[in-house]
Amino acid sequence: MKELTYREMGLNDQEFESIKVILGREPNYLELGMFSVMWSEHCGYKNSKPLLKTFPTDGPQVIQGPGENAGVVDIGDNQALVFKIESHNHPSAIEPYQGAATGVGGIVRDIFTMGARPIASLNSLRFGSLEDARVRQLFSGVVAGIAGYGNCLGIPTVGGEVYFNPSYQGNPLVNAMCVGLVEIDQIALAVASEVESPIMIVGAKTGRDGIHGATFASEELSEASAAKRPAVQVGDPFMEKLLIEACLELIREDLVAGMQDLGAAGLTSSIAESASKKGRGVMVDVLQVPRRETGMTPYEVMLSESQERMLIVPRAGKEARIEKIFTKWGLDATVIGQVTDDGLFRVMEGEEQVGAVPVAALTESCPIYYREGQEPDYYQECRSFNPLDLEPVELTPALINLLQSPNIASKEWVYRQYDHQVMTNSSILPGDGDAAVLRIKGGSKGAAFTTDCNGRLVYLDPYQGGMQAVCEAARNLACVGARPLALTNCLNFGNPEKPNIYWQMQNAIKGMAEAARALNTPVVSGNVSLYNESADRAIFPTPVVGMVGLMPDIARRQGMAFKDEGDRIVLLGELNQELGGSEHLYLAYGLEKGAVPPADLEREKSLIELLLDLAENQILASCHDISEGGLAVALAESAIKGKIGFKVNLEHPASRWDGLLFSEAPGRAVVSVKPAKLDELVEKARAWGVPCLMLGRVEGSNLLYQGNGQELIGIALDQAISTWGDAIRCSMTLKTK
């Protein structure tokens with residue numbers, strides 16, 4: 001194997017000098033590799049940690065915040081939800097199927113290592129234009145990888161989002177989220193506390209795949225990245241399924257004092273992170289690590305990111321029982337070392353010491369960079385642009401274009417490849433509501449999950465865009481009847497060493513933190529994925545929010561579909577005309593400009609409380625939040641899902657209607673209600689201080705939009721259904737042939 005220099009490993013000159021000072025000598029090749037992965041952005045957060053500290057992380061619902069494998073929130077009855085989202089962007093750009101598949105496998109391990117049984121998977125995906133053959137190949141491979149791994153595990157993939165934009169052309173984003181359910185008294189942590197405790201590696205054998213995956217994820221993609229294909233791990237979902245059952249059996253029998261997933265940086269990170277929490281040292285013999293390849297060096301063993309492996313610190317005297325359980329499941333369980341009291345991470349090869357590094361140097365001494373952000377040149381120019389100065393376009397073709405936009409059109413081509421009903425708990429299926437809903441067996445409770453972010457809005461105004469990612473996630477949960485509890489995030493940005501990118505990070509995180517604090521949705525876990533750039537540009541800043549919510553009675557869940565003839569259609573919130581950052585502006589004019597319509601956090605809170613009140617009292621027939629495509633698309637989607645038309649009339653002194661129809665201003669929802677319950681709806685909206693505007697009624701087989709009594713748009717329901725339903729499927733089938 002060719003030996004890499006410290007620069008090729010991702011370390012700069014100053015960092016290399018710091019390592020020499022820490023050790024009092026030059027590091028050997030193994031030690032240099034250990035420092036390089038632990039001091040990478042992926043593991044050390046050296047560019048982002050100061051910003052991450054500004055997030056709210058506490059609340060009465062929080063059992064475990066950041067710092068463990070996943071966050072944990074209390075849902076009552078001695079039960080908790082365990083959840084986290086992580087990225088697998090760079091591997092998926094090189095090897096889409098395995099990159100996405102192992103992303104699912106890694107996030108699932110983060111959940112069951114906490115003692116929780118995984119109950120749901122979600123994802124957030126970003127690609128370039130579907131007109132590009134390579135993008136279609138990436139898209140197809142990623143979806144197949146998610147499906148192939150998740151379906152084999154028997155974990156339902158219940159929700160997510162897919163966006164397409166040229167900014168992701170050379171650098172797709174693949175963010176995977178998993179949620180688990182655990183009894184509070186069975187939560188497991190990743191701690192190696194007792195001196196002389198054995199350390200065990202369990203699960204699959206170790207190979208050469210994934211070496212330096214952490215550093216690969218901490219650099220920009222280039223033409224040379226394809227040569228790093230061996231850094232992409234290879235997954236085996238059937239092995240992972242066995243690993244889940246074996247690990248949960250250990251926890252039920254109280255056999256482990258600590259458990260940690262072997263993810264980024266493999267044995268190096270999992271052992272160092274477990275030992276550092278109690279200031280311990282460790283001794284590991286690489287010859288004891290079960291391998292599937294011959295001739296592996298200590299460097300390769302310690303840095304391998306082979307999948308389906310876990311690190312376990314057994315309770316005293318329980319090694320034999322653990323080995324017996326893993327043998328039953330057809331898996332390895334091997335003692336490879338022990339916890340020490342000297343604070344050193346010693347790597348042995350039999351009797352020979354081949355590396356010795358202070359544990360704290362790997363986990364606590366990673367350099368932290370306090371960078372200065374700089375407002376990019378485009379920012380003020382985009383903010384000052386007024387879309388309403390443009391000549392208006394015809395409204396009916398504009399709506400049709402929106403309905404067939406891949407960002408708005410049905411994602412059935414994607415989710416039909418996922419098994420979203422395994423475990424038989426899914427109560428709102430993909431595409432039927434603003435969030436996924438699962439029942440919690442043994443009672444009436446339900447849990448809701450969503451992932452959200454509009455990267456275009458974050459690009460145009462990072463502060464507002466970050467704030468609105470949190471607001472939309474909370475609003476989506478409230479629309480199905482679930483109270484938002486907490487969030488996890490995956491912060492996808494470009495190169496933080498560039499002042500304009502760092503400025504995007506600073507402001508997006510500031511907006512997210514303010515919204516999370518205001519909406520009482522603390523950040524309990526997450527991941528940072530930086531250096532998402534290709535040769536020509538950085539991605540749109542995309543801080544994806546994954547959020548969980550709780551509903552006391554799942555029978556009161558509500559979907560987006562219009563129900564019956566004669567139901568009244570109501571706008572909760574105000575009519576807005578701002579088109580900045582809208583999908584309409586992009587599709588109709590090819591522009592990504594304009595001031596982003598601002599969020600009002602107090603109004604967001606009031607709307608959320610109103611929606612929860614309405615759900616609890618079963619007043620609504622349907623509920624759908626307004627986001628991409630604006631009011632016109634929200635109405636159309638509710639009609640399409642319900643297979644029934646509508647007639648609405650906007651009363652407004654507007655000189656043009658495109659702003660009112662296509663504005664994506666936040667803090668709004670479209671609901672339908674039985675005539676007999678209309679007064680109740682109006683009364684509750686007034687009580688919560690939320691504007692309530694009568695729009696029209698559910699009826700017929702057409703989508704009819706009027707303005708001051710004059711027809712603006714008229715589309716047959718069948719045409720809307722086919723336009724919206726076939727867009728992505730046709731792109732993936734016809735263009736691939």
Side-chain angles (χ1 to χ4, degrees), residues 69 101-102 105-106 108-113 115 118 149 152-153 188 190 192 197-211 213 233-275 282-339 347-350:
N69 285 293
T102 53
V108 168
R109 288 194 301 278
D110 280 338
I111 301 307
F112 72 76
T113 194
Y149 205 99
C152 290
L153 287 180
S197 293
I199 296 171
M200 302 181 74
I201 187 171
V202 302
K205 290 179 169 58
T206 297
R208 289 188 170 94
D209 50 322
I211 294 173
Q233 309 97 319
V234 178
D236 182 345
F238 298 105
M239 181 79 74
E240 178 121 337
K241 176 61 176 172
L242 299 175
L243 188 61
I244 291 173
E245 300 304 330
C247 288
L248 292 180
E249 190 170 339
L250 299 188
I251 292 168
R252 284 196 300 271
E253 293 191 24
D254 195 25
L255 300 177
V256 296
M259 188 182 297
Q260 173 84 359
D261 164 42
L262 268 70
L267 278 169
T268 296
S269 65
S270 60
I271 293 174
E273 289 168 3
S274 297
V282 287
M283 185 280 295
V284 176
D285 183 357
V286 294
L287 293 183
Q288 302 305 312
V289 177
R291 309 176 192 187
R292 64 169 186 262
E293 299 184 49
T294 60
M296 290 184 69
T297 65
Y299 175 93
E300 292 172 321
V301 172
M302 292 304 299
L303 270 66
S304 168
E305 295 181 12
S306 293
Q307 295 289 284
E308 293 86 42
R309 303 179 302 157
M310 303 284 285
L311 185 79
I312 287 176
V313 180
R315 295 204 183 279
K318 300 299 183 181
E319 301 95 307
R321 176 59 183 156
I322 290 173
E323 289 178 20
K324 185 175 181 180
I325 289 172
F326 274 83
T327 298
K328 178 183 73 173
W329 290 102
L331 300 170
D332 291 319
T334 307
V335 175
I336 61 170
Q338 68 177 24
V339 179
V347 181
M348 310 295 292
E349 190 173 29

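These figures come from a predicted structure and were not determined experimentally.
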**Student:** What is the distance from atom CG of Leu153 to atom OH of Tyr149, rounded to the nearest 0.5 Å?
**Tutor:** 5.5 Å
**Student:** Checking side chain to side chain contact (heavy atoms under 4.5 Å, CB included) between Met310 and each of Leu243, Leu331, Leu250, Ile201, which is the one that passes?
**Tutor:**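 For Met310, the side chain to side chain contact (heavy atoms under 4.5 Å, CB included) check succeeds only for Leu243.
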**Student:** Kindly indicate whether the side chain of Leu255, heavy atoms from C-beta on, has any atom under 4.5 Å from the side chain of Ile325.
**Tutor:** yes
**Student:** What verdict does the side chain to side chain contact (heavy atoms under 4.5 Å, CB included) test give for Arg292 and Ser306, after you've listed the backbone C-alpha separation in whole Å, the side-chain angles of each residue and the deciding distance to 0.1 Å?
**Tutor:** CA-CA 10 Å; Arg292 64 169 186 262; Ser306 293; 3.7 Å; yes
**Student:** Do Thr334 and Val289 come within less than 4.5 Å of each other through their side chains, counting heavy atoms only?
**Tutor:**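 Not in contact.
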**Student:** Return the minimal non-hydrogen interatomic distance between Ser270 and Asp261, and the atom names on each side.
**Tutor:**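 Closest pair (atom of Ser270, atom of Asp261, distance): CB-O, 3.7 Å.
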**Student:** Once rounded to the nearest 0.5 Å, what's the spacing between atom OG of Ser304 and atom CE of Met296?
**Tutor:** 5.0 Å
**Student:** Looking only at heavy atoms, which two atoms of Ala333 and Phe326 are closest? And how far apart?
**Tutor:**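 Between these two residues, the closest heavy atoms are CB-CB, 3.7 Å.
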**Student:** Side chains of Pro314 and Met200, heavy atoms from C-beta outward: is any pair under 4.5 Å?
**Tutor:**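 Yes; the side chains approach each other to less than 4.5 Å.
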**Student:** At what distance, to the nearest 0.5 angstrom, does CE of Met302 lie from OG1 of Thr206?
**Tutor:**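 Nearest 0.5 Å value for the CE-OG1 distance: 10.0 Å.
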**Student:** Can you measure from CZ (Arg315) to CD1 (Ile322) and round to the nearest 0.5 angstrom?
**Tutor:** 10.0 Å
**Student:** If you look at every heavy atom in Gly235 and Glu308, which pair is closest and at what distance?
**Tutor:**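 So the two residues come closest at CA-OE2, 3.7 Å.
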**Student:** Where the side chain of Thr113 meets the backbone of Met259, is there a donor-acceptor pair that is under 3.5 Å apart?
**Tutor:** yes
**Student:** Quick one, Gln338 with Ile199, criterion side chain to side chain contact (heavy atoms under 4.5 Å, CB included). Give me CA distance, side-chain angles, the key distance, then yes/no.
**Tutor:** CA-CA 5 Å; Gln338 68 177 24; Ile199 296 171; 5.5 Å; no
**Student:** Kindly say whether Gly350 contributes a backbone atom to a donor-acceptor pair with the side chain of Asp285 at under 3.5 angstrom?
**Tutor:** yes
**Student:** Would a 4.5 Å heavy-atom cut-off, applied to side chains only, mark Thr102 and Glu240 as touching?
**Tutor:** no
**Student:** Working to the nearest 0.5 angstrom, can you tell me the gap between Lys205 NZ and Glu293 CD?
**Tutor:** 12.5 Å
**Student:** How far apart are the C-alpha atoms of Lys328 and Glu249, what are their side-chain angles, what is the distance that settles it, and do they pass the salt bridge (charged side-chain N to carboxylate O under 4.0 Å, His left out) test?
**Tutor:** CA-CA 11 Å; Lys328 178 183 73 173; Glu249 190 170 339; 2.9 Å; yes
**Student:** So, the side chain of Glu349 versus the backbone of Pro298: is there a donor-acceptor pair under 3.5 Å, distance only?
**Tutor:**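 Between the backbone of Pro298 and the side chain of Glu349 there is no qualifying donor-acceptor contact (under 3.5 Å).
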**Student:** Can you name the nearest heavy-atom pair linking Pro198 to Glu319, along with the distance?
**Tutor:** CG-OE2, 3.2 Å
**Student:** State, to 0.1 Å, how close Leu311 and Ser274 come at their nearest heavy-atom pair, and which atoms those are.
**Tutor:** CD2-OG, 4.1 Å
**Student:** Do Arg109 and Gln307 pass the side chain to side chain contact (heavy atoms under 4.5 Å, CB included) test, and can you show the C-alpha distance, the side-chain angles, and the key distance before you say yes or no?
**Tutor:** CA-CA 10 Å; Arg109 288 194 301 278; Gln307 295 289 284; 3.2 Å; yes
**Student:** Please assess Leu242 against Phe238 for the test side chain to side chain contact (heavy atoms under 4.5 Å, CB included), listing each intermediate value before the final yes or no.
**Tutor:** CA-CA 7 Å; Leu242 299 175; Phe238 298 105; 6.0 Å; no
**Student:** Side chains of Asn69 and Gln260: donor-acceptor distance under 3.5 Å anywhere?
**Tutor:**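 The criterion, which ignores hydrogens and geometry beyond distance, is satisfied for Gln260 and Asn69.
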**Student:** To the nearest 0.5 Å, what is the distance between CD (Gln288) and CD1 (Ile336)?
**Tutor:**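 That separation rounds to 9.0 Å.
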**Student:** List the atom of Ala265, the atom of Glu305, and the distance in Å for their closest heavy-atom pair.
**Tutor:** N-OE2, 2.9 Å
